[in-house]
*Asks:* 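Once you've had a glance at the structure underneath, I'll fire off some questions.
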There are 2 protein chains.
Amino acid sequence: MQPFYQLYSQLEPELQEEIEKNATIKTFTTGDIIIRTGQYVKSTMLILEGMVKVFRENEEGDEFLMYYIKPGEACALSLVCASKMEASKIMAKAVEDTTILMVPIQLMDEWMANYKSWYYFVLETYRNRFEELLVLIDHVAFRNMDERLQFYLNRHSEVNQTKKINISHQQIADELNSSREVISRLLKKMEQRGLVSLHRNYIEML
Amino acid sequence: MQPFYQLYSQLEPELQEEIEKNATIKTFTTGDIIIRTGQYVKSTMLILEGMVKVFRENEEGDEFLMYYIKPGEACALSLVCASKMEASKIMAKAVEDTTILMVPIQLMDEWMANYKSWYYFVLETYRNRFEELLVLIDHVAFRNMDERLQFYLNRHSEVNQTKKINISHQQIADELNSSREVISRLLKKMEQRGLVSLHRNYIEML
DNA sequence: TTAAGCTCGTAACTAATGTCACCGATTTAT
DNA sequence: ATAAATCGGTGACATTAGTTACGAGCTTAA
């Protein structure tokens, strides 16, 4: 695991000390739900290791994938929700064994005033998530399912640094809010066009 | 027009003075484009009067409505983009005659450090837009066009405080990224269910 | 080892949405 | 005044996506 000071090197040393002094470390194993929709957010979360997927849920419990959070990044929504002690509007799941620094929210305001690097970090986190949401909106607004599927696979491949995507058609369908049959059909077409090769429980990007 | 200090009463008086001293006022008439996609953002914008619609555009120039900005609110994206002198990722249009305070971005950092109310204002603006985007994503991800249309009409009605919506079917179709015929069809159904009454160039909510 | 439960393929059908063609009515520009 | 453009209604059809149904192979747990 990369050490904290290296992952968050943009934070000034005094702030890094502050964080290490006040934060607690939580670990999650693959599949664990880190925060549920509606749960109260009491901490800001900084990812140290692993990988987190962030979902938006509807009333029926369908899970729509929004974005990934990687080591060195913070959960933008934990930054907002935490500052107001609000209920989480999203659900976050560990997709690998994941280590997270939990920072009590009371410190956020203080740091914001005293550490310029914290303020920049928070703004930058917001900015990045905001832009990711814009791209996501583009896709659901302007694209058909075949393009969205390709985007999904590419992103998965990039984020996990591998051409081999270990995932079932069912799970893809859930995260794109489609159905298994539709995804299988589209994947088959992609295979015929030579874009992927399909196997049980994994897809290979070509 | 409500005076500045009343619209932005959450900002501390010293900051209000700073703003009034440094800002320039720009006026736009109905239909004017306030900022185009790709244009460089050099100022933060605070709405004083009127109404602004914010769109996301695709390569073909289709315009997808994201949200409204009302007096007393700031453009969240002008806050982010401006801080980095980046190209705008959205297009904003005046839907009424609109007056906007333009604040040079150099001052943002300074204010952020010196005025707690500014920092809260920026964070709050982000938070609100973020949540609006989440709701928007819910709609395009989980809802069919009929529900999205109803949401569109309700929001329009609320934002403009009127049951009479002056808009053509074509424009609704554009902003929902659908087609005129589909919208006409769905509106007809809504009329048959007694939800609206249709007229040339306006729709009445019942 | 046997049953249950995933996983994926596929065909047939339905539903939702988009497209094309055409119409008459109204408004706007010249 | 006349032509051009906008507006909306509508039927026919195409495309995309979702649903139902079923089968066959693999994995897991009792």
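No experiment lies behind these values; they were computed from the predicted model shown. Residue numbering restarts at 1 for every chain, and letters A, B, ... go by the order of the sequence lines. Both backbone and side-chain heavy atoms feed into the values below; hydrogens, waters and symmetry mates do not.
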*Asks:* Show the numbers, then the answer: is there a ring pair (Phe, Tyr, Trp, His ring centres under 6.0 Å) between B/F4 and B/Y8?
*Replies:* CA-CA 6 Å; B/F4 172 70; B/Y8 293 91; 5.3 Å; yes

*Asks:* Which one, C/dA11, C/dG18, C/dC8, comes nearest to the side chain of A/S184?
*Replies:*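 Nearest to the side-chain atoms of A/S184, counting from C-beta on, is C/dC8.
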
*Asks:* Are A/D32 and A/K93 side-chain neighbours, meaning at least one heavy-atom pair lies under 4.5 Å?
*Replies:*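 Side-chain contact under 4.5 Å: no.
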
*Asks:* Using whole Å, what does the distance between atom P of nucleotide C/dT17 and atom CD1 of B/I172 come to?
*Replies:*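 After rounding, the reported distance stands at 15 Å.
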
*Asks:* Is the closest basic N to carboxylate O distance between A/K53 and A/E175 below 4.0 Å?
*Replies:*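 Yes, charged N to carboxylate O under 4.0 Å.
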
*Asks:* Please figure out whether B/I167 or A/R143 has its closest DNA chain D nucleotide nearer the 5' end.
*Replies:*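 In this pair, the answer is B/I167.
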
*Asks:* Specify the separation, in whole Å, of atom CG of B/L176 and atom P of C/dA16.
*Replies:*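 Distance check: B/L176 CG to C/dA16 P gives 17 Å.
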
*Asks:* For the base of D/dG18, is there a side-chain donor-acceptor partner from A/R185 under 3.5 Å away?
*Replies:*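 Indeed, a donor on one side and an acceptor on the other fall under 3.5 Å apart.
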
*Asks:* Write down the distance between CD (B/E147) and P (C/dT17), rounded to a whole number of angstrom.
*Replies:*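 Taking CD of B/E147 and P of C/dT17, I get 10 Å after rounding.
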
*Asks:* Nearest whole Å is fine: how far is C/dC8 P from A/H199 NE2?
*Replies:*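 Checked: the NE2 to P distance equals 11 Å.
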
*Asks:* If you check every side-chain atom of B/N144, which of C/dT17, D/dA21, D/dA17 has the closest atom?
*Replies:*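 Minimum distance to the B/N144 side chain belongs to C/dT17.
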
*Asks:* Return the orientation label for the A/Y126 and B/Y126 ring planes: parallel under 30°, perpendicular over 60°, tilted otherwise.
*Replies:*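 Rings of A/Y126 and B/Y126: parallel, under 30°.
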
*Asks:* Between C/dC6 and A/Q170, counting only base atoms on the nucleotide and side-chain atoms on the residue, is there a donor-acceptor pair under 3.5 Å?
*Replies:*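 Counting by modelled atom types and ignoring angles, no donor-acceptor contact under 3.5 Å is found here.
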
*Asks:* Grab the CD-P distance between B/E181 and D/dA14 for me, whole Å please.
*Replies:*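 Spelled out: CD on B/E181 to P on D/dA14 is 16 Å.
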
*Asks:* Looking at B/E59 and A/R143, is there a salt bridge between them, counting it only when a charged N and a carboxylate O are closer than 4.0 Å?
*Replies:*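 So A/R143 pairs with B/E59 through a salt bridge.
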
*Asks:* Where the side chain of B/H169 is defined as all heavy atoms beyond and including C-beta, which of D/dG9, C/dG9, D/dT19 is the nearest nucleotide?
*Replies:*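 So the nucleotide nearest the side chain must be D/dG9.
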
*Asks:* Given that A/R200 and A/E191 both sit by DNA chain C, which one's nearest nucleotide is further toward the 5' end?
*Replies:*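 So the residue in question is A/R200.
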
*Asks:* Rounded off to whole Å, could you give me the CZ-to-P distance for the A/R180 and C/dG5 pair?
*Replies:*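 Roughly 17 Å, once rounded to whole Å.
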
*Asks:* Please work out if B/S179 contacts a base, only the sugar-phosphate, or nothing of the nucleic acid, heavy-atom cut-off 4.0 Å.
*Replies:*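 Base, at least one base heavy atom under 4.0 Å.
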
